[in-house]
Structure formats: C-alpha cells, structure tokens
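Below is one structure; the comments refer to it alone.
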Number of protein chains: 2
Amino acid sequence: MDEGQALASFGALSQETRLQIVRMLVVAGPDGMAAGAIAEKLEVSPSNVSFHLKELDRAGLIGQQRESRSIVYTANYDVLGGLVRFLMEDCCAGHPEVCAPAAQVAACCVPAARNVP
Amino acid sequence: MDEGQALASFGALSQETRLQIVRMLVVAGPDGMAAGAIAEKLEVSPSNVSFHLKELDRAGLIGQQRESRSIVYTANYDVLGGLVRFLMEDCCAGHPEVCAPAAQVAACCVPAARNVP
DNA sequence: TCCATATTTCAATAATCCTTGAAATGTTGA
DNA sequence: TCAACATTTCAAGGATTATTGAAATATGGA
C-alpha cells in the first residue's frame with residue numbers, strides 16, 4: 001500500500017456511517033451483507049447507504065457482487081491488512097522500540113505471536 | 001481506543017499534509033521536530049502547517065512542547081498503536097483467519113513474532 | 001407483460017473542511 | 001526596551017463532502 005492508497009483509506013474510514021459499515025462487514029465475514037440489510041441495521045436511508053458504499057468501494061475497502069435482486073458487499077481484508085501494515089511500517093522506519101506495544105495486538109490473531117516482550 | 005477516537009484519528013490522517021507530518025514525526029522519534037522545520041521540509045506555509053498541527057493535536061496523534069522560541073511536536077505512539085489495535089481487533093471479532101496476514105507485520109517490530117504461520 | 005422489490009443515480013441544499021494572508025502572541029538576544 | 005524570530009490566530013473565500021427525496025435501473029416472480 002502506498003501513501004495515496006492509505007490516504008484514500010483513511011478518508012473513507014473517517015465518516016461514522018462508513019466506519020460502522022466496514023466494522024459490520026468485517027464481522028459478517030466472507031458472506032457479506034446486502035445493501036438493504038446494512039441500511040436497516042444502521043437506520044440509514046437506502047440512498048445514503050448507497051452513497052457511502054460507493055465511497056468505500058472507490059477506496060477499495062469493500063467489494064460487491066450481485067446476488068439475485070440484492071447487491072452483497074464484503075470487506076476487503078487485504079486492503080485493511082495493508083492499512084495496518086502501512087501504519088506499522090512507518091512506525092518501524094524510525095524507532096522500532098516505540099511501536100512494539102502495537103505488535104502485541106497480533107496476539108489476538110496468531111497464537112505464535114502471544115506473550116511478546 | 002473507542003470508535004469515536006478512531007473516527008477522529010482517521011479524519012486527522014485523511015489529509016495529505018497531515019499524513020506526511022505524522023510520518024515525519026514518527027521517523028523523527030522522541031526528539032520531534034519544530035513547526036518551522038516541518039513547514040520548510042513539506043514546503044507548506046507556516047500558518048497552514050499550524051492549522052494541520054492543531055488538527056493532529058486535537059485528535060491526540062501528536063504532542064507539543066515549547067523549546068525556546070520553537071514549538072516542538074512529537075508523534076504520539078500510544079495513540080498510533082491504539083489505532084492499529086482498533087483495526088485488528090475489529091478484524092478478529094469476526095473472522096480471525098482472514099486478518100492473520102496483517103499480524104505478520106508485527107515481525108518488523110518484535111523478533112518473537114517473526115515467522116508466524 | 002406487469003408489478004413489487006432492491007438498489008442506484010441525480011440534483012439541490014446544507015455542512016464541513018482547506019487555504020490564504022494579515023495581524024497578534026510569545027521569546028530571545030542586543 | 002527594541003527588533004527579529006517562531007508560531008499561532010483570525011476572517012474570508014473557495015473547495016470538497018454529506019444529506020435528502022424523487023426518479024431511474026435492474027431483477028424475479030405472478
């Protein structure tokens with residue numbers, strides 16, 4: 001991920017409804033959620049949720065696929081992971097010791113990373 | 001870090017000049033950089049850099065301290081680490097397997113986390 | 001084909017954010 | 001104290017972004 005893409009990602013995530021959408025889709029997993037279901041759960045109008053979904057799609061944070069009458073959206077884990085990497089690599093570029101605490105987060109995903117010093 | 005703080009952080013990082021400032025300060029380390037030095041390096045007017053520094057400060061991403069005539073800014077590594085954690089915990093909340101790749105980033109900071117599966 | 005469903009698009013308005021340059025604040029050394 | 005330096009504050013304007021509701025598009029079933 002380059003700086004331009006990170007900028008777009010941060011911009012996309014800097015709006016409450018969009019951040020909530022991404023969090024919902026991350027939890028929803030590969031099955032994703034239909035636009036209507038997202039709108040209903042967040043109590044936002046269909047046209048408004050559509051606007052924000054388009055923004056998230058432009059930033060590459062989500063993907064979409066038509067499924068019968070619905071359009072199902074899914075989180076793009078690669079891009080989200082790339083954003084994490086971008087933040088941490090920047091950190092390491094200068095002073096590795098100060099960003100070590102952030103590395104502990106890895107413990108929640110990868111058992112081998114547990115109990116880092 | 002709660003959702004509100006993450007939202008503020010994303011907003012602060014979603015502007016090119018501000019993202020560049022944060023990256024510079026992260027690399028600069030605990031010594032930080034004076035406002036003037038930042039402005040000069042990024043070729044931005046003093047008043048404009050001051051505007052963005054204030055935004056970053058409001059979001060908690062940087063700190064400041066007067067040093068003689070200059071005001072020296074430093075990155076807030078805790079908050080940046082908290083942002084990484086926020087992104088990854090969200091990820092883990094649903095489907096740990098999809099965010100494992102992001103955990104590999106930890107290898108750049110903590111030797112113990114190297115070679116994760 | 002026709003209707004209901006699901007979603008997007010569009011135009012208009014409102015709200016927020018960024019930039020600019022001039023003036024104000026605080027600091028140091030002569 | 002005064003002048004030069006470093007930075008911030010302020011107001012105005014321009015630019016971008018968000019919200020709304022109505023109309024358009026696409027799909028599936030009677």
Side-chain angles (χ1 to χ4, degrees), chain A residues 3-25 28 31-76, chain B residues 3-25 28 31-76:
Chain A
E3 187 170 301
Q5 168 123 40
L7 208 49
S9 298
F10 289 135
L13 293 172
S14 71
Q15 204 280 338
E16 186 165 17
T17 301
R18 289 199 293 263
L19 182 56
Q20 290 173 335
I21 290 173
V22 169
R23 298 185 81 183
M24 276 181 64
L25 291 182
D31 286 349
M33 286 180 75
I38 296 169
E40 195 177 3
K41 194 120 186 181
L42 296 183
E43 304 186 65
V44 175
S45 77
S47 104
N48 193 15
V49 98
S50 179
F51 168 79
H52 289 304
L53 285 168
K54 192 170 59 177
E55 290 294 303
L56 289 170
D57 187 61
R58 283 204 311 145
L61 289 166
I62 64 175
Q64 68 191 92
Q65 109 191 62
R66 180 172 281 278
E67 204 148 306
S68 174
R69 267 188 279 209
S70 299
I71 295 183
V72 172
Y73 288 87
T74 49
N76 187 336
Chain B
E3 188 169 300
Q5 167 122 40
L7 207 48
S9 297
F10 288 135
L13 294 172
S14 71
Q15 204 280 338
E16 186 165 18
T17 301
R18 288 199 294 263
L19 183 54
Q20 289 174 336
I21 290 172
V22 169
R23 298 185 81 184
M24 276 181 63
L25 292 181
D31 286 349
M33 287 180 76
I38 296 170
E40 196 176 2
K41 193 120 186 180
L42 297 182
E43 304 186 65
V44 175
S45 77
S47 102
N48 193 14
V49 99
S50 179
F51 168 79
H52 290 304
L53 286 167
K54 193 171 61 178
E55 291 295 302
L56 290 169
D57 187 62
R58 283 204 311 145
L61 288 166
I62 64 176
Q64 68 191 93
Q65 111 192 58
R66 182 174 278 276
E67 204 149 306
S68 173
R69 266 188 279 211
S70 300
I71 296 184
V72 173
Y73 287 87
T74 48
N76 187 335

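Numbers restart at 1 for each chain; the letters A, B, ... are given by sequence-line order, proteins then strands. The figures that follow rest on heavy atoms only: side chains count, while hydrogens, waters and symmetry mates do not.
In this structure, CZ of Phe51(A) is placed 12 Å from C1' of dT9(C), rounded to the nearest angstrom. In this structure, CD of Gln64(B) is placed 14 Å from C1' of dT9(D), rounded to the nearest angstrom. One interatomic measurement links the two molecules: CG of Asn48(A) to C1' of dT9(C), which rounds to 14 Å at whole-angstrom precision. As a whole-Å value, the separation of Glu55(B) CD from dT16(C) P is 13 Å. At whole-Å resolution of the value, CZ in Arg58(B) and C1' in dT8(D) are 15 Å apart. The nearest whole Å value for the distance from the NZ atom in Lys54(A) to the C1' atom in dT25(D) is 14 Å. Regarding Ile62(B), its CD1 atom lies at a distance of 13 Å from the P atom of dT7(D), rounded to whole Å. Nucleotide dT16(C) holds its C1' atom 13 Å from the CZ atom of Arg18(A), rounded to whole Å.
An OP1 or OP2 oxygen of dA4(C) is reached within less than 4.0 angstrom by no side-chain nitrogen or oxygen of Arg69(A).
Distances from the side chain of Ser70(A) to the nucleotides dT7(D), dT20(D), dT7(C) place dT7(C) closest. Listed nucleotides: dT19(D), dT8(D), dT27(D). Nearest to the side chain of Arg66(A): dT27(D). Here dT8(D) is the nucleotide among dT8(C), dA18(D), dT8(D) with the atom lying nearest to any side-chain atom of Ile71(B). The side chain of Tyr73(B) lies closest to dT7(D), out of dT9(C), dT7(D), dT28(C). For Gln15(B), counting side-chain heavy atoms from C-beta on, the closest listed nucleotide (dC18(C), dT8(C), dG26(C)) is dC18(C). Checking dT8(C), dA4(D), dA18(D) against every side-chain atom of His52(A), the shortest atom distance belongs to dA18(D).
Considering CG of Leu42(B) and CG of Asn48(B), their distance stands at 10.0 Å, rounded to 0.5 Å. In this structure, the separation between CE on Met33(A) and CG on Leu53(A) is 10.5 Å, given to the nearest 0.5 Å. Atom CG of Leu56(A) and atom CD of Gln64(A) lie 11.0 Å apart (nearest 0.5 Å). The CD1 atom of Ile38(B) sits 4.5 Å away from the CG atom of Leu25(B) when rounded to the nearest 0.5 Å.
With a 6.0 Å radius and a threshold of 12 heavy atoms from other residues, nucleotides or ligands, Glu3(B) has its CD atom above the threshold.
The base of dG21(C) sits with one of its N or O atoms less than 3.5 Å from a complementary donor or acceptor on the side chain of Ser47(B).
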